[in-house]
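Single-structure report; data block below.
Throughout, a chain's letter reflects where its sequence line sits, starting with A, and its residues are numbered from 1. Quick caveat: nothing in here was measured; it's all calculated off a predicted structure.
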Amino acid sequence: GNSVTQMEGPVTLSEEAFLTINCTYTATGYPSLFWYVQYPGEGLQLLLKATKADDKGSNKGFEATYRKETTSFHLEKGSVQVSDSAVYFCALSDGGGFKTIFGAGTRLFVKA
Amino acid sequence: DVKVTQSSRYLVKRTGEKVFLECVQDMDHENMFWYRQDPGLGLRLIYFSYDVKMKEKGDIPEGYSVSREKKERFSLILESASTNQTSMYLCASSFQEGTADTQYFGPGTRLTVL
């Protein structure tokens, strides 16, 4: 079945450091891929998405590229801020129904 | 602005009690979802609904039921709460079926069953 695997956290970085959170997936067909973010005390919100191979999603300085050959959708940001501290979820939707499959989440701490 | 609200942020119940979690969305979305979120497990789908009075089981429906009498409201019911149902419960909605469909989440209800 479909699945999403993302790197375990927590990830701790200093402000202005480079961020990578790895995400790989298993799916039949051509899923859409998402990154959601959950700030403390809040629900999840969409950060970015990509709907086909080689698409790049971007938002708030974050970006991720849909790599079909490596079945990956790694999240990157060039310079993190303290306000980026949150839990990040990689997810896929395979279009076969209404379900979105979420990864386990990666907690990011950014120190000033 | 998109809005999904949940009836309680924190809830404490006793084992065996019947528990109702309410979710309301103001976006006229067809689809609504209930997830539970546990550390290390991510989000797991309990039930979803793609239309009024329609419901489908998700991955972990045991011990739960749902009700959708109006398009904007989707309720999760724990018929007889147990300690292993202590968790964060998240409601979400989306506009239509499709691979690129974004889900919009409420703030969550942290339920503790004693």
Side-chain angles (χ1 to χ4, degrees), chain A residues 1-10 21 23-25 27-53 55 57 59 64 66 68 73 86-107, chain B residues 1-6 8-10 21 23-25 27 29-51 54-61 68 74 88-110:
Chain A
N2 297 342
S3 66
V4 174
T5 303
Q6 58 183 108
M7 61 189 288
E8 287 189 30
I21 300 178
C23 172
T24 57
Y25 67 90
T28 54
Y30 303 94
S32 289
L33 301 174
F34 305 82
W35 278 100
Y36 285 83
V37 59
Q38 184 178 33
Y39 298 105
E42 298 182 13
L44 281 70
Q45 57 185 271
L46 180 70
L47 181 59
L48 53 84
K49 66 183 181 185
T51 60
K52 61 184 187 295
D55 266 3
N59 186 26
Y66 187 164
K68 190 166 177 62
F73 192 55
V87 182
Y88 293 83
F89 291 90
C90 186
L92 73 81
S93 175
D94 67 3
F98 302 90
K99 293 174 66 172
T100 298
I101 310 294
F102 291 85
T106 302
R107 184 175 295 277
Chain B
D1 197 18
V2 165
K3 195 102 175 170
V4 178
T5 56
Q6 296 184 227
S8 304
R9 295 299 300 270
Y10 300 92
L21 303 182
C23 175
V24 177
Q25 51 95 2
M27 297 162 283
H29 283 173
E30 282 83 5
N31 308 324
M32 297 188 75
F33 307 82
W34 275 107
Y35 297 90
R36 62 177 284 174
Q37 181 181 9
D38 299 290
L41 297 177
L43 274 69
R44 293 180 291 168
L45 182 64
I46 304 171
Y47 268 95
F48 66 97
S49 168
Y50 53 89
D51 201 353
M54 305 303 290
K55 60 185 179 184
E56 294 284 342
K57 293 180 180 179
D59 299 317
I60 51 164
R68 193 167 181 201
F74 192 37
M88 171 71 86
Y89 290 88
L90 293 170
C91 175
S93 69
S94 68
F95 179 53
Q96 62 187 6
E97 180 182 1
T99 59
D101 199 30
T102 299
Q103 295 197 8
Y104 296 87
F105 286 82
T109 296
R110 185 168 293 282

Note to self: Tell me which of these, B:P107, B:A92, B:G106, B:P39, has more heavy-atom pairs under 4.5 Å with chain A than the rest.
What the structure shows: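 Top count of heavy-atom pairs under 4.5 Å with chain A: B:P107.
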[atom1]-[atom2] distance between [X] and [Y], expressed to the nearest 0.5 angstrom:
| X | Y | atom1 | atom2 | answer |
| --- | --- | --- | --- | --- |
| B:Y35 | A:F102 | OH | CZ | 4.5 Å |
| A:T100 | B:F48 | OG1 | CZ | 10.5 Å |
| B:T102 | A:L47 | OG1 | CG | 11.5 Å |

Note to self: I'd like to know which of A:G105, A:A91, A:G41 tops the heavy-atom pair count under 4.5 Å against chain B.
What the structure shows: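 So the answer, after comparing A:G105, A:A91, A:G41, is A:G41.
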Next item on the list: Take atom NZ of A:K68 as the centre, draw a 6.0 Å sphere, and report whether it contains more than 12 heavy atoms from other residues, nucleotides or ligands.
Entry: yes
Check: Should we count CD of A:E8 as having more than 12 external heavy atoms under 6.0 Å?
Finding: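 No.
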Note to self: Could you check whether any side-chain heavy atom of B:Q103 comes within less than 4.5 Å of a side-chain heavy atom of A:F34, counting everything from C-beta outward?
What the structure shows: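 No, every pair of side-chain atoms sits at 4.5 Å or beyond.
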Please report the shortest heavy-atom distance between [X] and [Y], naming the atom on each side.
| X | Y | answer |
| --- | --- | --- |
| B:L43 | A:F89 | CD1-CE2, 3.7 Å |
| B:Q37 | A:Q38 | NE2-OE1, 2.8 Å |
| A:A104 | B:G40 | CB-O, 3.6 Å |

Next item on the list: Not counting sequence neighbours, which residues clear salt bridge (Lys or Arg N to Asp or Glu O under 4.0 Å) with B:D38? List them please.
Entry: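 Scan of B:D38 (salt bridge (Lys or Arg N to Asp or Glu O under 4.0 Å), adjacent residues dropped) gives B:R36, B:R44.
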Next item on the list: Could you look at B:Q6 and say if it's the side chain, the backbone, both or neither that has a heavy atom under 4.5 Å from chain A?
Entry: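 Contact with chain A involves no heavy atom of B:Q6 at all.
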Note to self: Which atoms of B:L90 are under 4.5 Å from chain A, going by heavy atoms: the side chain, the backbone, both sets, or neither?
What the structure shows: side chain
